[in-house]
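This report concerns only the one structure given below.
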Amino acid sequence: MHEPPVKKVLYWCEDCNVPLIAKSCACGREGKRIELLQPYDLRPALSADHDLISRLVRERYGDIPLAKILLLNKTGGVDRADLVIMHGERLGWLTFDPVNRKFSLDITPEALPFLVPHATKGIVDLDTHTDARKEQGRIGGKRIPLKIPVPDGTVIVKYKARYGTGTVKDGSIKVKELITVTPRSLPDPGWDVAIDRNRYHLKNLERNAIRTIKHHMEDRPTVNVSFSGGKDSTAVLHLARKAGVTRAFFIDTGLEFPETLAFVKSEGVEIAGKAGDFWQAVEKAGPPGKDNRWCCKFQKLRPLKLYLAEVGPCVTIQGNRWYESWNRASLEETSQNPDNPLQLNVSPIRNWRALEVFLYLWWQKADMNPLYEQGIERIGCYLCPAMLESEYEQIRISHPEYTKRWDDFVESWAAKKGLPEAYCRWGLWRWRKIPRKMQELCRVHSIAVNEDLTIRADPELVRDVRKGSMVDKPQEKIPEAGIQGAGMKEPARDMYDLQAVRRDFPLLAEVVYLDNAATSLSPEPVIQSYVEFERNYRANVGRGVHRLTQIASQRYWHAHEKVAGFIGAKEGITVFTKNTTESINTVAQGFPWKTGDRVLTTILEHHSNLLPWYHLGRNGVAVDVVGIRDDYSFDLSAFETAITGTTRLVAITHASNVLGVITPVAEIAKCCHDHGALLLVDMAQTVPHMPVDVAQLGCDFCAFSGHKMLGPTGTGVLWMKEPVIEPLLLGGGVVESVKGREFTLSEGYQRYEAGTGNISGGIGLGVAVDYLTGLGMERVHRHEQALTTRIIDGLRKMPRIRLYVPEKPEQRVGVVSFTVDGLHPHEVAQRLDEMADIMVRSGHHCCIPLMERLGLPDGTVRVSLGPYNSAEDVDLFLATIEEITR
Ligand code: PMP
């Protein structure tokens, strides 16, 4: 990396006794040079820091007058490590020990002229405390045993009218260089004088920064300030307002200090919300780390994308500075984040150190976030992994209600993973891979680190989080009737608790899932149900008498009952299949066809509801296909014309998986029965999303997929009013009795479920039904309808978008198909994934005849909703599409 153009020294006016931000002082004197340490960011010690340093000095050496102006030069260390500068000299090192949770100040020999005249304790006189006189040669650098005990730490050493510093450890003292000390006392001017002596240079800094802002503020149609509530962005806000910028925004991560939010409001800055649910994501992803800042994406970048989508192309003035970190040391005047092509970033104070920022704000008498004076240096989320443990310790005192939640989480995470106490106590959670400086600490304290530098878990340490005890048997018996999802506690409300529901779906912490028409996600209770089956009572069903088979059979049977109840099936047979496709094929193959019979279906159908009938066509059963109207609605009059006395079966979808259009099943059923035909309805896209009552609808068969309704994959359902069809398969489980070569088939679903089925899947499907029932299908439908309208309205406003949706909200489910002019649907889907982790389907959706009818050989992009999708999901989707179309 090339050397950044940063200042590596501090100048100090020895006449005025103030720090200088340039070489010369307003008094005319050239400053003396003080070498600084990487990353060379200097800042004033504010009240809390000043108090801390004073306390440490007082505790160790007595009442020593400290200068009002103390500067801190942050450097690398295990945790906080600041070089403290006073009177233009290095006073000492302020460090924090994350193991003992203590601050300490190690003084330097340069500090002695200011300390020695006042020190009343913390002095080790080698003559009285040791047998130094007996030592041969130089004392400096030697470790000498102490005769009188002295607490461990840094001390002032006195020996034959000379002074030095020394370190006491384990009953002996190691003396550094001994020197002759001439007491010094200097004027104590305070920060006002420092501002005055630097005024000329501050004006220069201001002028240059404003010039930079003005130079770029018209590069895009809008200009704004990105405000974080911290000092740098406060300075930038101030400068930008002077340059004529009026807009400023703050991204509320949802993990902000109350003081920050209040400050943002007081500055008249627009607050952009819509951050992800951190507490949901963290359950899955684990604590974020300095080297694993996954949280930024959810809490900051996505809300920013949403905000920018509303604002459009803009210039954003930001407060990034070279000195903040090595990463930022090459920051140019303007920069472009490839993830946000709408935004051109301008960094007008990139060459300022924190010292310049504070001096400027004080000079301007600008308000500042009060947290700085409380000793918090890094304003941001209150649990940011990039924070030092020393700061977090401070927040534990100032904001205990905030840190408690986080501490509880980290502890429960460590307990679950079997991580040692130090993971929480020393803040080791702040890294995914333990950096070198912490590896040493771990080695010394026998904390095992894996080869990949993660902290080694110990299975012995896995603790049951709820009981606080060691777990010897990880599985816990879940009473079946008690399986409840989070969002369903108060069924009387208009809407379920969406955030709580989302927390039941771990994958939602990672992606925006908008491919529900293909398959849905499963909530925790469903996942738990099949884990429980495997662990506690796995057995075959319907056979044998042992206790496991009894539990399994009972639950499997009960799952059928629940599913039947869910679709309003008071009579008939509810059969578990693999999926909708198997259900429809079972009817096609088992139906008592006669020569001359006809099947009537529609152009809207999924291949699952077309190919089985086309196949029959080869065996002499004719297939008629009715079309749709130009507004995508079902053409009832064409249907009425097409149905004849020889039509034995009508097979239609309840809702199209491409257009989302709902068909008028009740009217169709009536028409079928008038013509003596039976009706099969493909309900794959309705049962998961709206209340369905097969009795009311009047159908004879219905087919749907368990995996699209929060259930496990490999589950589906065929319901039939009468058992008029032959089973597809024969074998174990389907017979009542066998006599010679004769056999009697069972009644009920067993007749159609030959062989061992997906038992845990079926039971899981029952739990999915419980879950959906808990949410309330009316509420699910209403919620998804509102989101569908939001998607359609949003897309309608965009250029280059063509929509394929029914006009009336009551005619559609949460499936929206569209195309983008000039882009292949797969390209759009790919970009949605890459740019914003949004999962949508693209292509022909197993509906090639419909695509031909629509004239769309490449198919469409399809967004499809589930009960857990949120307005934020939709808005992020819209914002990303807008970016793609731009
Ligand atoms: N019918 C419709 C309307 C569908 O949407 C789907 C799945 N996209 C199917 C049938 C087929 O479902 P499965 O793959 O579960 O058999």
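Ligands are counted one by one from 1 in listed order, and the atoms in each one are counted from 1 as well. As the structure is a computational prediction, the values presented were derived from the model and not from experiment.
The distance criterion of under 3.5 Å between nitrogen or oxygen atoms is not met by Glu582 with respect to ligand 1. The shortest N/O to N/O separation between Thr653 and ligand 1 does not fall below 3.5 Å. For the pair Ser608 and ligand 1, the shortest N or O to N or O distance does not fall below 3.5 Å. In terms of polar-atom proximity, defined here as any N/O pair under 3.5 Å, His707 does make such a contact with ligand 1.
Contact annotation: for Lys578 versus ligand 1, there are no heavy atoms closer than 4.0 Å. By the criterion of a heavy-atom distance under 4.0 Å, neither the backbone nor the side chain of Cys846 is placed next to ligand 1. Of the heavy atoms in Lys708, only side-chain atoms (C-beta onward) come closer than 4.0 Å to ligand 1.
Seen from the ring of Phe818, Arg796 does not count as a face-on cation partner, given the 6.0 Å and 45° thresholds.
Of the candidates Thr581, Ile584, Val658, Val815, it is Thr581 that places a heavy atom closest to atom 13 (P) of ligand 1. When the heavy atoms of Asn657, Asp682, Asn609, Thr580 are ranked by distance to atom 2 (C) of ligand 1, first place goes to Asp682.
For the residue pair Asp700/His673, the side-chain donor-acceptor check at 3.5 Å is satisfied. Side-chain contact check for Ser705 and Thr580: at least one donor-acceptor pair (N or O, by modelled atom type) lies under 3.5 Å.
With rounding to the nearest 0.5 angstrom, the CD atom of Glu784 is 9.5 Å from the OG atom of Ser864.
Shortest contact from atom 4 (C) of ligand 1 to any protein heavy atom: His606 CD2, 3.4 Å.
Put simply, the side chain of Leu548 does not reach to within 4.5 Å of the side chain of Arg538, judged on heavy atoms. In this structure, Ile668 and Pro664 have side chains that are in contact, with non-hydrogen atoms separated by less than 4.5 Å. Residues Ile838 and Tyr513 fail the side-chain proximity criterion, which asks for heavy atoms closer than 4.5 Å.
Checked against the 6.0 Å centroid criterion, the rings of Phe576 and Tyr556 qualify as a close aromatic pair.
Contact atoms of ligand 1 toward Gln685: 3 (C), 4 (C), 5 (O) (distance under 4.0 Å to a heavy atom of the residue). Counting the atoms of ligand 1 from 1 in the order shown, those under 4.0 Å from a heavy atom of Ala517 are 8 (N). The atoms of ligand 1 that sit less than 4.0 Å from any heavy atom of Ser705 are 12 (O), 13 (P), 15 (O).
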Exercise for the section: For the pair Arg831 and Glu827, evaluate salt bridge (charged side-chain N to carboxylate O under 4.0 Å, His left out) and give the outcome as yes or no after the intermediate values. Expected result: CA-CA 6 Å; Arg831 286 201 204 174; Glu827 204 172 333; 3.0 Å; yes
